[in-house]
Amino acid sequence: MPEQINRGRRKLLWAGGALGAGLLAAGALRPRDMGGAHGAYFQQLQFALAEAGLYRPTLVLDRQRLDENTVRLIQHLNGNFDYRIVGKSLPSLPLIERVRAATASNRVMVFHQPFLNLLAAKMPDADLLMGKPMPVQMAQRFYQYQVGQSDFSPEHQLQWLIDSPQRLKEYRQLAEARQQPMQLNFELDVGLHRGGFKKASELARCIADVQGHPLLQFSGFMGYEAHVSKMPGVVGGPEKAMAQAMGFYRECVAAAKTVLKDQWNPATLTLNAGGSSTYQMYQPQMQGSAAPCNEIATGSALVMPTDFDVPSLADHLPAAFIATPVLKALDSTEVPGLEGASGAIAAWDVNTERTFFTYGGYWKARPESPAGLQNNGLYGRSTNQEMLNGSRNVKLAQGDFVFLRPSQSEFVFLQFGDIAVFDGRQISETWPVFQQGA
């Protein structure tokens, strides 16, 4: 933090008093007062946390909102596609089990070897698809730890992701060394350009190699298109990006059909696509022909971190919040070395009048309630005691809670220990999260 303070001091001194006077004169440009108090929802949530004695940084999940978002997902898919739960976005066994029960899906996408071993042990009926290609050494580690742990059958219930001929060679060698049958799903670069097969001809050769091997089985495709919802209109927007993505997907399906001939059977293959920001764009008929995929993967849409505040998810509700107590509530804001400028800064922006130091901070999150809280760019950030500023209309006192919305769930959910489950009135249960190492 000292270097951040120094940088802030240099910025302010460079600006000079003349600039400060000019800003004060430009009253029409002055930030308006954004401060407020907790609304009824967050008042109840604060009461529930206090009643549960959770006066520490806590990840809170609104179970009712989770359920509502899950209902919306089911309605949009409308039985046209199978649904696969994205495990990294919902990294808790009870959380996944609740979504499983609501969606009647045993399909989970996995992104981390320890999580894979945990799901295989604790959810032995699950159908698991890797969401990214794993180093072959991690696949080896999975088998070492999995053997005898449960009734989970990797050769029938686990699909490894292959993104290149080199990866295929490595996995073939592992299968031969262990005499381990393996299902292999092929990653397609449908426009995200984060890896995967870019040419249908190369893909076809790899499928042929798998088809001729006694231990390997081709199990389908995975085409992730997270870029689609972010494409600006100047390059054709989401519609054009989706058409291009599905066009290449169809090309790959055609290549697989050519190789497999009468062994091509989409009913037995996982043809995966989708993501939270795009899942509502999928229909049985896309761009005038049948959708090339048969299953859609989604996770974040059920808890709605801020990265997913996009028009395509306007009917989903934020269901996850970080709650943390206010340790100190001060009536002014002072930056070391710039104490004399505090009055001028507050005169320009009333949203810097007061200071609140919270228990912990610097998460991938933004303040949500009460309204009007903001970080201080001069003071800097802290994981120990985060400074937040607000106007005198921010109704917070020592011991009250600040609520933030995570920008993502896949990493942030793992930082707080057990999830506190809010049922609309109280914290009714806690759900353990996945452990990073195993």
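Inter-residue side-chain proximity for Leu388 and Asn376 is flagged as unmet; no heavy-atom pair is nearer than 4.5 Å. Put simply, the side chain of Pro57 does not reach to within 4.5 Å of the side chain of Thr358, judged on heavy atoms.
With rounding to the nearest 0.5 Å, the separation of CE in Met109 from CD in Glu295 is 6.5 Å.
Between the Arg65 side chain and the Val303 main chain, no donor and acceptor come within less than 3.5 Å of each other. Judged by distance alone, with hydrogens and angles left aside, the side-chain atoms of Glu155 form no donor-acceptor pair with the main-chain N or O of Pro181 at under 3.5 Å. A distance-only check finds no donor-acceptor pair linking the side chain of Ser289 to the backbone of Gln285 [under 3.5 Å].
Exactly one of Phe42, Phe403, Phe401 qualifies for a ring pair (Phe, Tyr, Trp, His ring centres under 6.0 Å) with Phe321. That residue is Phe42. With Asp315 as reference, Gln280 is the one residue of Arg72, Gln280, Gln75 to meet the side chain to side chain donor-acceptor pair (under 3.5 Å) rule.
Using a 4.0 Å cut-off between a side-chain N of Lys or Arg and a carboxylate O of Asp or Glu, Asp125 and Arg100 qualify as a salt bridge. Ionic pairing of Arg392 and Asp33 is not present here: no N-O contact between side-chain nitrogen and carboxylate oxygen is shorter than 4.0 angstrom. Ion pair Arg84/Asp127 flagged as a salt bridge, since at least one NZ, NE, NH1 or NH2 atom sits closer than 4.0 Å to an Asp/Glu carboxylate oxygen.
The aromatic rings of Phe197 and Phe186 lie tilted to each other, with the angle between the two planes from 30° to 60°.
In this structure Trp363 satisfies the ring-ring contact (aromatic ring centres under 6.0 Å, His included) test together with Phe416, sequence neighbours excluded.
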Residue pair Asp309, Arg405: steps toward the salt bridge (Lys or Arg N to Asp or Glu O under 4.0 Å) verdict: CA-CA 11 Å; Asp309 286 343; Arg405 274 185 68 198; 3.0 Å; yes
Asp82 vs Arg107, salt bridge (Lys or Arg N to Asp or Glu O under 4.0 Å): CA-CA, chis, key distance, verdict: CA-CA 9 Å; Asp82 291 317; Arg107 303 176 183 222; 3.1 Å; yes
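Between Trp160 and Phe142, the distance separating the two ring centers is shorter than 6.0 angstrom.
Across Ser276 and Thr298, no two heavy atoms sit closer than the pair OG-CG2, 3.3 Å.
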